[in-house]
Q: 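Sending over a structure as structure tokens; questions will come in a sec.
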Amino acid sequence: MDIVKVFGTNLKKYRTALGLSQEAFAEKCGMHRTYISAIECHRRSISLENVQRIADALGVETYKLFLEEK
């Protein structure tokens with residue numbers, strides 16, 4: 001499992017389900033749009049603190065961002 005890919009894919013899935021653009025979501029969690037884009041494109045690893053901020057902004061349990069769909 002590529003954890004960076006799984007996280008980025010799940011972030012995008014949950015963000016789009018909420019109907020939020022990258023820019024709107026980045027503002028909601030206090031991050032920059034290009035940072036969110038890099039995560040979703042699997043180009044960036046992130047800290048645990050930012051993982052929690054993202055989960056909180058999405059309104060999901062943190063562990064769900066690490067579940068790989070098969």
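Predicted model only: the values in this text are computed from it and were never measured.
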Q: Are any of the side-chain nitrogens in Glu27 or Arg33 under 4.0 Å away from the carboxylate oxygens of its partner?
A: no
Q: Has Ser47 got a side-chain atom pairing as donor or acceptor with Asn50's backbone, closer than 3.5 angstrom?
A: yes
Q: When rounded to the nearest 0.5 angstrom, what distance separates SG in Cys41 from CD1 in Ile36?
A: 11.5 Å
Q: In chain order, what residues pass the salt bridge (Lys or Arg N to Asp or Glu O under 4.0 Å) check against Glu49, with sequence neighbours excluded?
A: none
Q: Would you say CD of Glu68 has more than 12 non-hydrogen atoms from neighbouring residues, nucleotides or ligands within 6.0 angstrom?
A: yes
Q: Are the side chain of Thr16 and the backbone N or O of Lys13 linked by a donor-acceptor pair below 3.5 Å?
A: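 Side chain of Thr16 to backbone of Lys13: a pair is present.
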Q: Atom CE of Met31 and atom CD of Gln22: how far apart are they, to the nearest 0.5 Å?
A: 13.0 Å
Q: Considering all heavy atoms of both residues, which atom of Ala57 and which atom of Phe25 are nearest to each other, and what is their separation?
A: CB-CE1, 3.6 Å
Q: Grab the two heavy atoms, one from Val4 and one from Arg44, that are nearest each other, plus how far apart they are.
A: CG1-O, 3.7 Å
Q: Taking NZ, NE, NH1 and NH2 as the nitrogens, is one of them in Glu40 or Arg15 under 4.0 Å from a carboxylate oxygen of the other?
A: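 Yes.
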Q: Which heavy atom in Ile46 sits nearest to a heavy atom in Phe7, and how many Å separate them?
A: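 Scanning both residues completely, I find the closest heavy atoms to be CD1-CE2, 3.4 Å.
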Q: Testing Leu65, Leu20, Asn10 one by one against Leu58 for a side-chain contact (heavy atoms from CB on, under 4.5 Å), which residue passes?
A: Leu65
Q: Using a 3.5 Å distance criterion without hydrogens, assess whether the side chain of Lys5 forms a donor-acceptor pair with backbone atoms of His42.
A: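 Side chain of Lys5 to backbone of His42: no pair is present.
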Q: Side chains of Gln52 and Asp56: does their closest heavy-atom pair fall under 4.5 Å?
A: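 Yes, close enough: below the 4.5 Å cut-off.
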